Asker: 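Mind having a look at this structure? Questions to follow.
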Amino acid sequence: MKIELEKAYEAKQFEDKIYKTWEESGFFNPDNLKHAKKPYCILMPPPNVTGILHLGHALENSILDIEIRFRRMCGYKALLLPGADHAAVATQARVEKELQKAGIKNPREELGREKLLKKIREYSENSKSTILNQIKKMGTSCDWSRFAYTFDETRSNAVNTLFQKMYNDGLIYRGYRAVNWSVCGQSTASDDELVYEDEPVTIYTFKYSHDFPIPIATTRPETKLGDCAVAVNPKDDRYSKYIGQKFTVDIGALNPLTITIIADENADMNYGTGAVGVTPAHSMIDFEMYQKNKEIGIIPVIGHDGKMTKNAGENYQGLTVLEARKKFVNWLKENNLIIKQEESIHSVGKSDRFGDVIEVLPMRQWFIDVNKKIPGKNKSLKQLMKDVFTIGHNGNKKKIIKITPARFLNSYMQWIDNLRDWCISRQIWWGHRIPVWYKDKEIKVSLEPLGDGWSQDSDTLDTWFSSGAWTFSTLGWPKKTKDFKMFHPTQWMQMGYEILFFWMARMILMTTYAIDDIPFEEVYIHGILRSKEGKKFSKSLGSGLDPIEIIKNYGTDALRLSLIKGIAPGNDAKFYEEKVVGARNFINKLWNISRYILMSVNDIKLIEKEPKAQTLADQWILQKLNSVIESVTENLNNHNFSLASEILYDFTWTDFADWYIEISKIEKGKEQILLYTLQTLLKLWHPFIPFITETIWKNIDSKLLMISSWPKTDHKSEEKINNNFEKLQEIIIAIRNLKNENKIDLKTVVHCHLESKKYFELIMDQKNIIESLARVKLTSDKYKDVVHILDIDIYIEIKINEQDKIKKIKEIVAYINKLEEKINNKDFIQKAPTNIIENEKKKLKSAYDLLEKLK
RNA sequence: GGGUUCAUAGCUCAGUUGGUUAGAGCGUUACGUUGACAUCGUAAAGGUCAGAGGUUCGAUUCCUCUUGGACCCACCA
């Protein structure tokens with residue numbers, strides 16, 4: 001039965017229908033892959049509920065889907081588990097902004113907790129479906145029946161259980177410590193949620209009073225109203241005599257300050273004045289000094305509203321930080337206490353969500369202790385986080401996580417070394433409420449609401465707390481579900497390097513602790529997509545390219561292919577529309593290849609076995625196909641998506657379409673091989689461009705391509721034809737060398753007939769060639785006079801004139817000399833591999849032959 | 001200050017343990033094209049693989065330095 005297909009592939013016509021077919025087939029769900037035994041599980045990095053699909057998601061979904069479709073076809077119980085993230089701060093910040101636009105100036109005060117939460121919930125439920133539908137548009141083959149939301153009941157239960165376990169083990173504690181505070185967001189932020197920006201600042205060098213012996217410098221003069229000490233290096237001869245002394249100075253704060261001179265190695269003798277004014281309340285480092293020297297005291301002078309507190313004194317109370325700074329500097333000037341004033345550039349920490357300058361404030365917050373020994377383990381969380389990349393979890397070498405590319409390990413280890421206790425409490429409302437209850441002076445962790453008189457902590461958990469539990473919370477933990485037993489630890493994880501610390505590190509922390517296992521066997525790090533100008537595609541600004549638009553214009557397959565081609569793990573890649581055009585052209589080419597074959601082959605059916613080769617051309621294409629299967633499989637096994645796609649691209653277009661199909665128009669009887677090669681190619685292409693391949697496949701077989709089996713090479717048939725090919729290849733090499741050495745005139749004939757049309761002349765006798773060249777229109781008038789001269793020797797005689805000949809001979813002689821020199825080199829003969837030497841000898845021989853002929 | 005990374009054709013990038021002639025796409029130029037495909041075909045031009053040294057029979061690949069970019073972490077008194 002012959003088939004009629006449209007002239008060009010119209011993605012729009014097919015994609016939604018195909019996705020529906022896949023979904024209804026149930027094969028996204030590994031439970032329905034009856035024959036599969038070995039699990040292969042990937043968790044989707046959950047997109048934020050309020051987000052819309054951007055190119056980063058598109059890239060991730062392409063990568064994830066290639067991986068899972070490949071494994072599914074390879075016979076694994078393949079599960080790609082989808083999800084969404086409630087994205088605590090990000091979501092609340094967004095909704096508050098919307099509300100403010102609508103006229104509610106202070107949503108938290110005006111609406112109160114319950115009403116605001118309701119608004120956020122509504123908002124997020126709406127946008128959740130948006131992003132999930134967009135993910136379906138990408139063709140992502142995930143099991144929607146297992147969909148997990150970081151904020152649903154199962155996940156919340158996991159989070160609370162985890163909190164309780166850590167609390168009971170003493171790893172979660174509540175402490176009064178300096179934390180990062182966003183005045184705009186009215187919440188804490190972890191160190192990782194800060195972005196640093198360089199800004200011009202003024203450095204003031206001053207003394208607290210005229211009789212204070214040590215000058216200090218600062219960029220934040222207003223905080224000096226809360227100074228409690230001056231730290232000097234114990235080895236510093238200038239100041240060491242003062243260590244331990246106390247000075248009382250009155251700089252206008254509520255009370256005169258008692259400044260204790262303390263010794264601290266962190267004070268660099270050679271930097272600035274060599275002494276540091278210590279403000280325990282408003283600097284992380286200073287706070288650490290305070291913890292070592294508690295007697296110096298702590299005086300917060302900045303409040304949660306970003307204004308000076310009562311402690312700052314009546315002249316300053318209620319002023320903003322900047323106002324207070326100005327006023328205090330004036331006071332210093334009036335009293336002649338400023339020694340030096342200079343301009344400089346400092347990086348200032350800002351909230352990544354709210355954008356305001358982060359204030360360091362001392363507060364009572366919840367922390368995870370990363371240095372404390374875990375009961376029964378004799379190791380800290382920090383140590384566990386290192387083990388999975390070094391000795392393996394619990395010292396088990398099989399439990400070493402493989403990371404690609406490996407270089408990210410360095411920065412991960414460095415990050416761990418600098419890791420401080422993780423502040424997990426947030427003062428926003430959208431999130432997992434901390435499961436701690438208070439009654440008078442009693443504190444209890446409870447997963448259920450407690451009775452009268454008990455009130456729950458009003459804070460919520462950092463969103464990464466729940467993300468850290470993702471690999472096991474999605475599988476139903478703490479219940480011992482079938483899924484958990486089957487799929488944990490997961491096989492593969494994929495993420496951009498920008499969330500390495502946020503997410504990968506936290507998953508490792510949580511999983512090694514709670515499950516006593518690694519979260520995943522392998523992690524693949526991809527780069528960031530940038531615009532043509534090298535700028536990040538900003539999520540919020542949505543600069544330019546919208547994947548949904550691209551899908552509309554070019555189709556999902558084209559988008560997927562253009563995202564994958566030319567990327568390397570961990571490296572950033574530029575992305576622009578022309579890339580999609582190229583990919584779309586290929587998709588159309590594949591469509592037309594199929595169209596041609598399906599329209600010209602009479603008996604369309606599934607061909608299970610490799611058809612028998614009749615001619616050398618058949619042998620060659622089947623041989624090449626086998627090697628393509630092998631290298632694509634190997635590259636996919638190693639997650640070299642880009643390379644695999646390029647090999648396929650090249651074979652499909654150059655070898656199959658432009659060469660073999662053209663030959664099939666002359667040499668008849670190739671239907672079986674054409675169909676077989678097409679079917680194999682559809683399978684190989686399916687993970688990359690699932691829609692078009694499935695669409696074409698429908699014309700061949702009623703079963704879904706998605707669950708067809710991955711092609712295997714038939715090594716036996718390969719051996720059989722190997723002999724022939726050795727001969728062939730010898731000739732090819734000889735011809736190629738000739739071509740090389742005769743760049744001037746030979747190129748026309750050689751390129752036309754030998755290079756691009758590969759082994760054309762070897763397939764047929766000369767008569768046939770002349771005839772077929774004419775028929776296939778491979779040759780123009782220009783080539784007519786040389787068509788019959790496929791014998792190169794003759795051609796040389798006729799074509800090359802005397803001058804060229806002399807020049808050519810000189811070139812060849814020089815070449816021969818070079819080769820001989822190399823071959824006569826003793827070291828080369830002794831040390832180089834034999835095949836290299838053989839090759840050089842062959843080159844030399846053909847060069848001599850050529851020389852003979854020219855003479 | 002510590003660390004990572006990049007520099008390959010006009011542009012965007014591949015290049016998997018060092019080894020035949022360094023590749024692709026786009027762009028450019030020439031030629032071709034009557035039904036699978038102008039979303040096409042055939043070819044051409046275009047590279048001291050940033051520079052200098054070293055290791056090696058042999059370096060785009062490994063090492064050192066230099067130049068110029070990007071990024072991460074810490075610090076920023």
Side-chain angles (χ1 to χ4, degrees), chain A residues 5 7-9 191 196 201 203 205 215-220 230-231 266-268 271-279 283 285-286 344-348 405 407-408 410-411 413-415 417-418 497-498 500-501 528 532 534 554 562 565-568 570-576 578-579 581-600 634-635 638 640 642-643 646 649-650 657-658 661-662 665 733 736-737 739-740 747-748 751-752 755-757 777-783 822 825-833 835-840 842-843:
Chain A
L5 293 173
K7 204 167 172 183
Y9 176 66
D191 291 346
Y196 290 91
V201 288
I203 305 175
T205 307
I216 55 165
T218 183
T219 58
R220 297 285 311 269
V230 166
N266 285 325
D268 183 348
Y271 188 90
T273 66
V276 189
V278 181
T279 322
S283 153
I285 293 280
D286 295 3
S344 177
I345 302 280
H346 271 190
S347 61
V348 178
R407 65 181 134 92
F408 286 104
N410 264 330
S411 48
M413 288 297 181
Q414 199 189 1
W415 181 84
D417 284 338
N418 289 318
Y497 61 74
E498 77 275 16
L500 209 68
F501 306 137
I528 292 173
K532 231 174 181 175
Y554 301 99
S562 61
K565 271 191 78 175
I567 61 160
N571 284 4
D572 292 354
K574 288 187 182 165
F575 188 78
Y576 40 91
E578 289 90 322
K579 267 191 170 176
V581 174
R584 192 266 323 264
N585 291 356
F586 174 77
I587 302 286
N588 192 62
K589 185 74 185 178
L590 184 61
W591 177 260
N592 271 294
I593 291 169
S594 313
R595 180 169 171 241
Y596 175 74
I597 294 175
L598 295 180
M599 276 165 55
S600 56
E634 195 192 331
N635 276 308
N638 296 325
N640 282 326
S642 183
L643 219 50
E646 272 163 39
Y649 183 96
D650 201 47
D658 290 347
I661 290 184
E662 291 304 325
K665 290 173 181 171
I733 287 168
R736 282 185 164 188
N737 285 340
K739 179 201 115 190
N740 249 12
K747 65 184 176 186
T748 318
H751 281 161
C752 176
E755 178 61 17
S756 67
K757 290 302 152 197
K777 289 165 276 178
L778 286 175
T779 172
S780 64
D781 287 347
K782 194 177 158 192
Y783 302 143
K822 193 172 180 186
N825 186 325
K826 274 183 198 166
D827 285 329
F828 178 72
I829 296 297
Q830 280 172 11
K831 292 179 187 173
N835 60 326
I836 302 288
I837 298 171
E838 286 303 310
N839 253 319
E840 297 295 314
K842 270 184 200 164
K843 270 199 262 176

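Note that the structure is a prediction, hence the values are computed from the model and not measured.
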Asker: Out of B/A36, B/G19, B/C73, which nucleotide sits closest to the side chain of A/Asn592?
Answerer: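 Of the options given, the side chain of A/Asn592 lies nearest B/A36.
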
Asker: Any N or O donor-acceptor pair under 3.5 Å from the base of B/C73 to the side chain of A/Ser411?
Answerer: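 For A/Ser411, whose side chain was compared with the base of B/C73, there is no donor-acceptor pair (under 3.5 Å).
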
Asker: Let's see if you can work this out: which of B/C76, B/U39, B/C73 has an atom nearest to the side-chain heavy atoms of A/Arg584?
Answerer: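 Among the listed nucleotides, the one closest to the side chain of A/Arg584 is B/U39.
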
Asker: With a 4.5 Å limit on heavy-atom distance, are the side chains of A/Arg584 and A/Val581 in contact?
Answerer: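 Yes, at least one pair of side-chain atoms sits under 4.5 Å.
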
Asker: Check A/Ile216 against A/Val276 and note the closest heavy-atom contact, atom names and distance.
Answerer: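 Closest heavy-atom pair between A/Ile216 and A/Val276: CG2-C, 4.2 Å.
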
Asker: Taking only the side-chain nitrogens and oxygens of A/Lys574, find out if one of them lies under 4.0 Å from OP1 or OP2 of B/C13.
Answerer: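 Yes, such a contact exists.
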
Asker: May I ask you to check if A/Lys589 and A/Phe586 form a cation-pi contact, with NZ or CZ under 6.0 angstrom from the six-membered ring centre and within 45° of the axis?
Answerer: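 Cation-pi check for A/Lys589 and A/Phe586: fails.
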
Asker: In Watson-Crick or G-U wobble terms, both distances under 3.5 Å, what is the partner of B/C49?
Answerer: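 Pairing partner: none.
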
Asker: Ignoring hydrogens and angles, answer whether the base of B/G2 and the side-chain atoms of A/Gln414 contain a donor-acceptor pair closer than 3.5 Å.
Answerer: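 Checked by distance alone, the answer is yes.
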
Asker: Regarding A/Tyr554, tell me which of base, sugar-phosphate or nothing describes its non-hydrogen contacts under 4.0 Å with the strands shown.
Answerer: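 A/Tyr554: no heavy atom of the nucleic acid under 4.0 Å.
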
Asker: Determine which nucleotide pairs with B/C76, using a 3.5 Å limit on both distances of a Watson-Crick or G-U wobble pair.
Answerer: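 Paired with B/C76, as far as the under-3.5 Å criterion goes, is no nucleotide at all.
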
Asker: Relative to the 5' end of RNA chain B, which residue comes earlier, A/Phe586 or A/Ser594, by the nucleotide with the nearest heavy atom?
Answerer: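 It is A/Ser594, whose closest nucleotide lies nearer the 5' terminus.
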
Asker: What integer distance in Å separates A/Asp827:CG from B/U56:C1'?
Answerer: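 Computing the A/Asp827:CG to B/U56:C1' distance gives 10 Å.
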
Asker: On a heavy-atom basis, which atom in A/Ala8 and which in A/Asn588 lie closest, and how many Å separate them?
Answerer: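 Looks like CA-OD1, 3.5 Å.
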
Asker: Looking at B/A36, B/U16, B/G41, which one has an atom nearest to any side-chain atom of A/Asp658?
Answerer: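 Out of B/A36, B/U16, B/G41, the nucleotide with an atom closest to A/Asp658's side chain is B/G41.
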
Asker: Output the rounded distance in Å from CG (A/Asp268) to C1' (B/C75).
Answerer: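 In whole Å, B/C75 C1' lies 10 Å from A/Asp268 CG.
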
Asker: Mapping A/Tyr649 and A/Asn571 to their closest nucleotides on RNA chain B, which lands nearer the 5' end?
Answerer: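 Taking each residue's closest nucleotide, the earlier one in sequence belongs to A/Asn571.
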
